[in-house]
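A short write-up of the structure that comes next.
Note that the coordinates shown come from a computational prediction; the quantities given were computed from them, not determined experimentally.
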Amino acid sequence: MRVAIFASGSGSNFQALVESFKQEEIPGKLVCLFCDQEEAYVIKRAEKENVPYFVLPKKKTQTKADYEKQIIHLLETARVDLICLAGYMKILGKELLEAYPNRIINLHPSLLPKFPGAHSIEEFYNSSEKETGITIHLVDKGVDTGPIIFQKKISRQEQDSLEDLTGKIHELEHRYYPKIIAEFIRENVAE
């Protein structure tokens with residue numbers, strides 16, 4: 001199983017996945033990182049870990065379809081079987097979804113369907129909800145609406161700052177995302 005990780009930012013979840021691949025906790029091979037941001041710190045992490053990477057920002061003149069066709073070409077060159085989103089901040093379009101049906105997994109920092117989108121931790125923090133957590137799901141054409149594979153809850157503590165809460169969410173992500181990807185590969189995708 002050949003895996004690509006998509007990320008747009010600092011790459012802490014990318015790093016957790018790299019460690020799990022190195023320890024052979026995830027079956028298969030991490031073949032590349034795809035990043036849409038030229039200055040993202042995750043690129044430095046990939047360089048340090050000797051993970052091949054592609055950096056391809058979307059041009060303003062490009063349609064989403066043309067941009068995704070370029071991405072698919074890169075993925076086909078690397079013979080990618082499964083895509084794992086780890087802080088990738090773009091909504092995937094029809095081309096990628098059709099090229100990788102039921103083979104794109106996303107990690108989201110809330111208990112979906114509550115708080116979808118890019119600011120879920122802040123939205124939870126500013127709400128009266130008592131529980132949050134993480135959701136790992138397959139990607140579909142909606143925003144954080146795909147079939148849920150796994151959820152893990154944590155309770156709000158009165159003393160939690162936004163920074164505290166964010167740290168707790170990241171701990172859950174780093175602990176469970178590699179395990180769930182490994183299970184998904186073992187159960188659903190032939191080598």
Atom of [X], atom of [Y] and distance for their closest heavy-atom approach:
X    : Y    : value
C35  : S8   : SG-CA, 4.3 Å
K130 : F124 : C-CZ, 4.1 Å
I26  : P178 : CG1-O, 3.7 Å
I5   : A86  : CG2-CB, 3.9 Å
I134 : L111 : O-CD2, 3.9 Å
E25  : R186 : O-NH2, 3.2 Å

When you compare the side chain of [Y] with that of [X], does any pair of heavy atoms fall below 4.5 Å?
X    : Y    : answer
T132 : I121 : no
H137 : L112 : yes
P57  : K59  : no
I136 : N106 : no
S127 : E122 : no
D81  : V3   : no
L165 : I154 : yes
L85  : H108 : no

Does a sphere of radius 6.0 Å around [atom1] in [X] hold more than 12 heavy atoms from other residues, nucleotides or ligands, not counting ones at 6.0 Å or beyond?
X    : atom1 : value
K58  : NZ    : yes
E163 : CD    : no
I91  : CD1   : no
Q159 : CD    : yes

Can you give me every donor-acceptor pair (side chain of residues 44-56, partner residue at least two apart or in another chain, under 3.5 Å) with its distance?
from	atom 1	to	atom 2	distance (Å)
R45	NE	S10	O	2.6
R45	NE	G11	O	3.4
E47	OE2	Y53	OH	2.6
E49	OE1	K22	NZ	2.8
E49	OE2	Q15	NE2	2.8

Exercise for the section: Give the C-alpha distance, both sets of side-chain angles, the deciding distance and a yes or no for side chain to side chain donor-acceptor pair (under 3.5 Å) between H174 and S12. Expected result: CA-CA 8 Å; H174 299 165; S12 66; 3.1 Å; yes
Exercise for the section: Go through the structure and list residues passing salt bridge (charged side-chain N to carboxylate O under 4.0 Å, His left out) with K179, not counting sequence neighbours. Expected result: none
Handout entry: Audit row: H73, Q70, side chain to side chain donor-acceptor pair (under 3.5 Å) steps and yes/no
Key = CA-CA 5 Å; H73 176 73; Q70 277 189 286; over 6 Å; no
Handout entry: Rounded distance (nearest 0.5 Å) linking atom CG of L162 with atom CG of N126
Key = 7.5 Å
Problem - Pairing residues for E24 by the side chain to side chain contact (heavy atoms under 4.5 Å, CB included) criterion, not counting sequence neighbours - result: none
Practice task
Determine whether L97 and Y88 fall in the same hydrophobic cluster, where Ile, Leu, Val, Met, Phe, Trp and Tyr are linked whenever their side-chain heavy atoms lie under 4.5 Å apart.
Solution key: yes
Practice task
Quick one: sort the F34 and F6 rings into parallel, tilted or perpendicular, breaks at 30° and 60°.
Solution key: tilted
Exercise for the section: May I ask you to decide whether E129 forms a salt bridge with K114, counting only side-chain N to carboxylate O separations under 4.0 Å? Expected result: yes
